[in-house]
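Below, each value reflects all heavy atoms present in this structure, side chains not excepted, and no hydrogens, waters or symmetry copies.
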Amino acid sequence: MNELIQFSAGIMTSHEEAGRQLQILNRLVAQSRAFRMIAGRDVIACPERVDDLIQNSTEA
């Protein structure tokens, strides 16, 4: 949610508009599966592991 807010242009134009935009972003986050990946050098050496991780996480 914090990252969505950072990249939402004009979210703080007015109090009312900010409230509406935050509600929309909140609904989007609530409906979405999200993952944070912190990658190291192993991703460069073996990029197929990332694909395996993504495939395994979406099958569950």
Side-chain angles (χ1 to χ4, degrees):
M1 180 72 170
N2 289 335
E3 289 181 26
L4 283 173
I5 291 170
Q6 290 175 1
F7 294 106
S8 296
I11 195 165
M12 298 300 170
T13 56
S14 73
H15 185 71
E16 291 177 7
E17 186 64 26
R20 282 193 293 268
Q21 290 183 12
L22 287 174
Q23 287 176 350
I24 291 168
L25 292 176
N26 188 41
R27 287 196 308 257
L28 175 65
V29 169
Q31 295 174 26
S32 302
R33 290 179 61 184
F35 303 90
R36 178 174 294 213
M37 184 179 98
I38 301 172
R41 294 177 191 232
D42 59 323
V43 173
I44 295 169
C46 195
E48 64 273 5
R49 291 187 67 201
V50 175
D51 186 53
D52 291 342
L53 290 170
I54 293 170
Q55 288 299 321
N56 290 336
S57 69
T58 57
E59 292 172 1

#### Entry: Residue Glu48 excluded, over 12 heavy atoms near CD under 6.0 Å
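Counting neighbours around CD of Glu48, more than 12 heavy atoms of other residues, nucleotides or ligands fall under 6.0 Å, so yes.
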### Query
Under a 4.5 Å cut-off applied to non-hydrogen side-chain atoms, are Arg49 and Asp42 in contact?
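Side chain of Arg49 against side chain of Asp42, heavy atoms only: contact under 4.5 Å found.
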### Message
Nearest 0.5 Å, please: how far is SG in Cys46 from CG in Asp51?
### Response
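Rounded to the nearest 0.5 Å, the CG-SG separation comes to 11.0 Å.
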### Query
Which distance, rounded to the nearest 0.5 Å, do you find between the CD of Gln31 and the CG of Asn26?
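Taking CD in Gln31 and CG in Asn26, the distance rounds to 10.0 Å.
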### Message
Please tell me whether Val29 and Ile24 are part of a single hydrophobic cluster in this structure, the criterion being side-chain heavy atoms less than 4.5 Å apart.
### Response
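They do not share one cluster, since no chain of ILVMFWY contacts under 4.5 Å joins Val29 to Ile24.
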